[in-house]
Amino acid sequence: MTFTYIFGPVTSSRLGRSLGLDLLGRRVCSMDCLYCEVGRTDELTMRRAPYVPAEVILAELEQWRAENEILPDHVTLGGAGEPCLNSEMGAIIDGCRRILPEVPVAVLTNTTLLSDTSVCAELAGADIVLPSLDSLVEEEFIKLNRPCGGLSASDIAESLLQFRAMFKGRIFLEILLAQGINDSEENLALLKDYVKRLSPDRVDVTTLSRPGAYPVAKAVPPDVRAHWCSELSAACAVTPETPGTVFLRTGQRADLVERDQKAVTEIIVRSLQRRPQTPDQLALALSLSLEKVESALAVLVHQGVIHAVDADAAGLPGANGPFYSCR
Ligand code: SF4
């Protein structure tokens, strides 16, 4: 069966083999981040609604469970926008627990809705919450994250502290750095202090690894990211067993899985419809050999289904490009 709101499992360095659920079905978000990998936000809103009803997603999940014997490491609520905007998120989390009782539930969030107590109560049912908070410098926050009017970085940060105090699960904080926008020493100093107060289970310092929604967003150089990792590691109460700061998207290539070429081609097209990617990124995300990915890409380019974008033109000169994108 073809699924509309379930994708993967994909290999994520933060969550292992992760089965993704799309709670929005389209680009609905409370922010319009410069770096967004799924494109520019179509509907900028703080309004919660059943964008994809719980019963629709859970019916797909039941079907997925019936067709698959190997369970993922996590089921991850996300989508082409902010999953907390789905007003049936609580029911979806409960349904994941019923259908996949052995699999921990993770939720990606941009943190903007944590001032809503009903959102916090629903999120409390998850095992892991992965909030993002890129800058505590208000001007940087506005420039990079382009939020709904009225949102401030300081209010969002405060609501995350309050959620932390009541949440029994784990928190993996993500900070994405964009060159010349939020990689300032002022932001680093504020986030170091904040991370000490929040005491997350992990901090992931990331940068762009794919073209963002707006060309102005560029990746920071490796030495800048290393500097931030080092400074934030020092600020976190870390133990050697649970390192506080890790890099995202630099993990080992997953075990290779043999699939027939038709299925490989379909899965690659579906993945490229979500975001542009390099052959390496596709191979990692889809657990395919690089050779298989490159051979399928060559056919798809020849057929005119996809096209290549030069990594330099995409503002990611260090990438092992080119990037491929659906026409
Ligand atoms: S990166 Fe996340 S928070 Fe930002 S616009 Fe995209 S979906 Fe929304």
Side-chain angles (χ1 to χ4, degrees), residues 5 7-8 10 12 14-15 18 20-49 51-52 76-87 89 106-116 119 123 128-136 138 140-153 155-157 159-160 163 171-179 181-183 187 204-220 248-249 271 273-277 281 285 314-316 325:
Y5 302 110
F7 50 98
V10 298
S12 146
R14 293 206 288 179
L15 296 170
S18 166
L21 304 189
D22 178 357
L23 271 63
L24 286 315
R26 54 198 169 91
R27 293 197 290 261
V28 184
C29 195
S30 50
M31 293 178 168
D32 182 24
C33 302
L34 294 178
Y35 58 77
C36 188
E37 292 178 350
V38 295
R40 300 182 185 191
T41 297
D42 289 328
E43 185 177 344
L44 185 67
T45 185
M46 288 287 284
R47 183 180 66 92
R48 299 193 79 203
Y51 294 98
V52 183
T76 305
L77 278 55
E82 170 51 42
C84 293
L85 285 171
N86 190 318
S87 54
M89 178 177 69
V107 182
L108 303 168
T109 177
N110 66 15
T111 320
T112 53
L113 277 92
L114 295 193
S115 55
D116 181 334
V119 170
L123 275 180
I128 305 173
V129 172
L130 299 99
S132 60
L133 188 60
D134 302 324
S135 182
L136 289 175
E138 297 293 345
E140 292 180 1
F141 167 66
I142 299 291
K143 184 174 180 185
L144 182 64
N145 299 114
R146 300 162 49 87
C148 277
L151 287 172
S152 79
D155 288 349
I156 291 170
S159 65
L160 181 54
F163 177 70
I171 292 200
F172 295 175
L173 180 69
E174 179 176 15
I175 300 166
L176 185 141
L177 298 176
Q179 188 173 34
I181 300 178
N182 68 328
D183 55 352
N187 189 28
D204 293 329
V205 180
T206 72
T207 192
L208 285 84
S209 59
R210 302 183 176 99
Y214 296 84
V216 68
K218 311 274 190 219
V220 294
L248 181 63
R249 301 168 189 138
S271 191
Q273 282 169 342
R274 291 182 179 276
R275 61 179 71 90
Q277 290 164 82
Q281 288 169 338
L316 299 162
S325 170

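In listed order, ligands and their atoms are each counted from 1.
- Ligand 1 places these atoms under 4.0 Å from at least one heavy atom of Tyr35: 1 (S).
- Side-chain contact annotation: Asn110 with Thr112, donor-acceptor N/O pair under 3.5 Å present.
- Checked against side chain to side chain donor-acceptor pair (under 3.5 Å), Asp134 has the following partners two or more places apart in sequence or in another chain: Tyr35, Asn145.
- To the nearest 0.5 Å, atom CG of residue Leu108 and atom CG of residue Leu15 are 7.0 Å apart.
- Residues satisfying the salt bridge (Lys or Arg N to Asp or Glu O under 4.0 Å) test with Asp42, not counting sequence neighbours, are Arg27.
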| message | Before you tell me yes or no, could you show the steps for Ser30 and Leu113 under side chain to side chain contact (heavy atoms under 4.5 Å, CB included), namely the whole-Å CA-CA distance, both residues' side-chain angles and the distance that decides it to 0.1 Å? | response | CA-CA 8 Å; Ser30 50; Leu113 277 92; 4.1 Å; yes

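- Phe163 meets the ring-ring contact (aromatic ring centres under 6.0 Å, His included) test with Phe167; sequence neighbours excluded.
- Listed by chain and number, Cys29 SG are the protein N/O/S atoms closer than 2.8 Å to atom 8 (Fe) of ligand 1, with waters left out.
- Considering only heavy atoms from C-beta on, Met89 comes within 4.5 Å of Leu123 through its side chain.
- Under the 4.0 angstrom criterion, atom 2 (Fe) of ligand 1 counts as lacking any protein heavy-atom contact.
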